[in-house]
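The structure appears right after this line, and notes come after that.
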Amino acid sequence: SYPVAELFIAIFVLTAGLPESLLKLVLPAIGLLAVALVVRMVIPRLRLMTPRAWRAACSLLPALLLVSILTWAGSVNAANGAWFPSSPTVGMAAGQTTLAYCSPGGNPLAMDLDAPAVPAARPAPIVFFIHGGEGLQGNRQLDGTDGVYLARLRDALVSRGFVVGSIDYSLVPFGKLVNEVEQSKCAVRFLRAHASELGIDSQRIGVYGFSMGGYLSAMLGTVGPQAGFDVGQYLDQSSRVQAVVDMSGPTDLSNWSGSPSWVQDIGRALGGGGNSSLARMKTISPLTYVAPGDPPFLIMHGTDDWFIAPHHSQDLAQRLQAAGVPATLVMVQHNGHGLAAPTAGQTEQPNPDTLVQMISDFFVRTLAP
């Protein structure tokens with residue numbers, strides 16, 4: 001099975017830069033290939049089939065491919081129509097509201113917004129969450145082990161007068177890392193463009209994220225318009241944020257020391273394909289863009305993180321501080337990759353509840369009126 005795994009890693013790397021129109025044809029074929037290979041390996045009886053019988057079975061694949069393409073394309077269009085309102089009106093009520101914040105390539109992206117039950121007398125500060133998942137998986141929903149603590153953080157901030165958001169963004173292979181940065185910046189511009197309708201303060205916008213979301217949050221805090229990531233809608237608005245919380249995010253995509261080799265392969269593929277140079281990876285790294293005037297940062301990282309090595313957060317904090325940017329680094333002892341990811345047999349210090357309180361206090365200190 002090891003060569004099969006290598007085959008699909010190679011396919012991932014090669015397809016990372018394909019346009020969406022081609023991916024809609026390629027992905028069903030990859031899925032069918034995966035099914036065929038698994039069936040071939042797992043069911044012993046197929047090993048006894050004659051070559052003629054096997055060829056007959058394979059002859060059905062083109063028909064199945066056509067059916068899967070039609071079904072897949074139809075389901076995507078149906079989902080877009082069902083999940084997002086057709087009206088361009090933007091507004092928000094108490095509780096949770098879901099809006100389409102930007103539509104790159106005509107594909108709407110969702111943002112959840114949670115507002116206090118009793119609206120504040122003045123425009124409210126807003127922070128929004130960016131999920132992790134290596135750019136390959138995940139969504140705006142607060143699920144998984146960390147979801148309990150992220151929901152607790154959301155509720156704490158709402159109780160303190162904040163509007164709290166959470167966004168989806170295009171995942172590989174439908175987008176590359178650059179697209180994820182562009183969409184995150186578009187989310188900020190959307191909030192600023194619709195601040196009056198949403199009842200938020202356009203000058204008090206914060207962002208927080210974990211892992212890949214931490215990376216995207218750090219990019220929002222460091223990358224200015226001159227870098228070329230501000231594309232798409234609401235270009236008359238700034239994508240600058242006023243506070244950043246980066247939890248275990250990679251900050252130098254040219255240096256993956258301390259991480260498994262396959263993590264570097266994923267990072268290179270996300271960056272634009274198998275031949276991405278170190279110079280190219282630096283152009284999409286937060287560490288490259290740190291400058292005086294960047295917003296305050298709270299950076300958290302587990303000392304035992306096996307996935308994203310701690311040096312990413314340590315290097316970012318050091319560079320921010322050298323530039324005169326307020327930056328607090330919290331190294332979580334006996335913690336792996338996640339708010340609630342203790343090293344086996346150990347207890348995290350600070351514990352997740354304390355970390356949630358620290359994040360809440362940071363946003364109140366930096367954004368509250």
Audit row: D305, N335, side-chain contact (heavy atoms from CB on, under 4.5 Å) steps and yes/no: CA-CA 7 Å; D305 195 332; N335 171 258; 5.9 Å; no

Go through D353 and R152 one step at a time and tell me if the salt bridge (charged side-chain N to carboxylate O under 4.0 Å, His left out) criterion holds. CA-CA 9 Å; D353 288 321; R152 194 173 299 168; 2.4 Å; yes

side-chain contact (heavy atoms from CB on, under 4.5 Å) evaluation trace for S184 with I130: CA-CA 8 Å; S184 300; I130 308 180; 3.9 Å; yes

For Q349 and V332: C-alpha separation, side-chain torsions, deciding distance, then whether side-chain contact (heavy atoms from CB on, under 4.5 Å) applies. CA-CA 6 Å; Q349 293 294 333; V332 187; over 6 Å; no

Trace of the side-chain contact (heavy atoms from CB on, under 4.5 Å) decision for L153 with D155: CA-CA 5 Å; L153 173 59; D155 295 344; over 6 Å; no

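How far CD of Q321 is from CG of L316: 9.5 Å, rounded to the nearest 0.5 Å. For the atom pair CD of Q183 and CE of M111, the computed distance is 11.5 Å after rounding to the nearest 0.5 Å. Atom CZ of R140 sits about 10.5 Å away from atom CG of L113, to the nearest 0.5 Å. Note: D168 CG to T98 OG1 = 9.5 Å, rounded to the nearest 0.5 Å. To the nearest 0.5 Å, atom CG of residue L150 and atom CE of residue M247 are 6.0 Å apart. Between the CD1 atom in I359 and the CZ atom in F129 there is a gap of 9.5 Å [rounded to 0.5 Å].
Using a 3.5 Å distance cut-off with no hydrogens or angles, the side chains of Q357 and D361 do pair a donor with an acceptor. Remark: the K282 side chain and the S254 side chain contain an N/O donor-acceptor pair separated by less than 3.5 Å. A donor atom on one side chain and an acceptor atom on the other are not found under 3.5 Å apart for T303 and H334. Checked by atom type, the side-chain pair T343/D304 shows a donor-acceptor distance below 3.5 Å. Side chains of D294 and T222: no donor on one and acceptor on the other come within 3.5 Å. R160 and S360 share a side-chain donor-acceptor pair at under 3.5 Å. Using modelled atom types and a 3.5 Å distance limit, the side chains of S211 and E134 yield no donor-acceptor pair. Checked by atom type, the side-chain pair D230/S239 shows a donor-acceptor distance below 3.5 Å.
Atom CD of Q314 has more than 12 neighbouring heavy atoms from other residues, nucleotides or ligands inside a 6.0 Å radius.
Closest of all the heavy-atom pairs between P125 and A368 is CG-CA, 4.5 Å. A pairwise comparison of heavy atoms in G302 and P310 identifies O-CG, 3.5 Å as the closest pair. Residues W306 and P260 approach most closely at O-CD, 3.2 Å, considering heavy atoms. Heavy-atom minimum distance, T366 versus A243: OG1-CB, 3.4 Å. Closest approach of S259 to A309, counting heavy atoms only: OG-N, 3.6 Å. Minimum heavy-atom separation, R189 to S238: CG-O, 3.8 Å.
Contact annotation: the side chain of V181 never approaches that of I284 to less than 4.5 Å [non-hydrogen atoms, C-beta and beyond]. Counting only heavy atoms from C-beta outward, the side chains of D114 and R154 approach each other to under 4.5 Å. Between F362 and P296 there is a side-chain heavy-atom pair separated by less than 4.5 Å. Using a 4.5 Å heavy-atom threshold, the side chains of L191 and I200 count as touching. With a 4.5 Å cut-off on side-chain heavy atoms, R240 and P295 count as touching. Counting heavy atoms from C-beta outward, V245 and F297 have side chains that stay 4.5 Å or more apart. Using a 4.5 Å heavy-atom threshold, the side chains of M300 and S248 count as separate. For the pair L367 and F162, the minimum side-chain heavy-atom distance is below 4.5 Å.
With hydrogens and angles disregarded, no donor-acceptor distance shorter than 3.5 Å links the side chain of S313 to the backbone of H301. The main-chain N or O of D252 is never found under 3.5 Å from a side-chain atom of N255 such that the two would form a donor-acceptor pair. No donor-acceptor pair closer than 3.5 Å links the side chain of D112 to the backbone N or O of S166. Of the possible donor and acceptor atoms, one in the side chain of K185 sits under 3.5 Å from a partner among the backbone N and O of V223. Here the side chain of R204 pairs no donor or acceptor atom with the backbone of A124 at under 3.5 angstrom. One N or O on the side chain of Q242 and one on the backbone of I205 form a donor-acceptor pair closer than 3.5 Å. A distance-only check finds a donor-acceptor pair linking the side chain of R192 to the backbone of S202 [under 3.5 Å]. For the pair D315 (side chain) and Q318 (backbone), a donor-acceptor distance under 3.5 Å is absent.
Taking the six-membered ring for Trp and the full ring otherwise, H194 and Y101 have centroids separated by 6.0 Å or more. Between Y215 and H312, the ring centre distance reaches or exceeds 6.0 Å.
Hydrophobic clustering (side-chain heavy atoms under 4.5 Å, transitive across Ile, Leu, Val, Met, Phe, Trp, Tyr) keeps I299 apart from V356. Residues V127 and L355 fall within the same hydrophobic cluster, defined by Ile, Leu, Val, Met, Phe, Trp and Tyr side chains chained together at heavy-atom separations under 4.5 Å. L298 and V207 end up in different hydrophobic clusters when Ile, Leu, Val, Met, Phe, Trp and Tyr side chains are linked at under 4.5 Å. Put simply, L109 and V164 are part of two different groups of oily side chains (I, L, V, M, F, W, Y) that touch within less than 4.5 Å, one to the next. Using a 4.5 Å cut-off between side-chain heavy atoms of Ile, Leu, Val, Met, Phe, Trp and Tyr, with links allowed through other members, L320 and M331 fall into the same hydrophobic cluster.
If you run ring pair (Phe, Tyr, Trp, His ring centres under 6.0 Å) between H131 and each of F210, Y169, Y208, only Y169 comes through.
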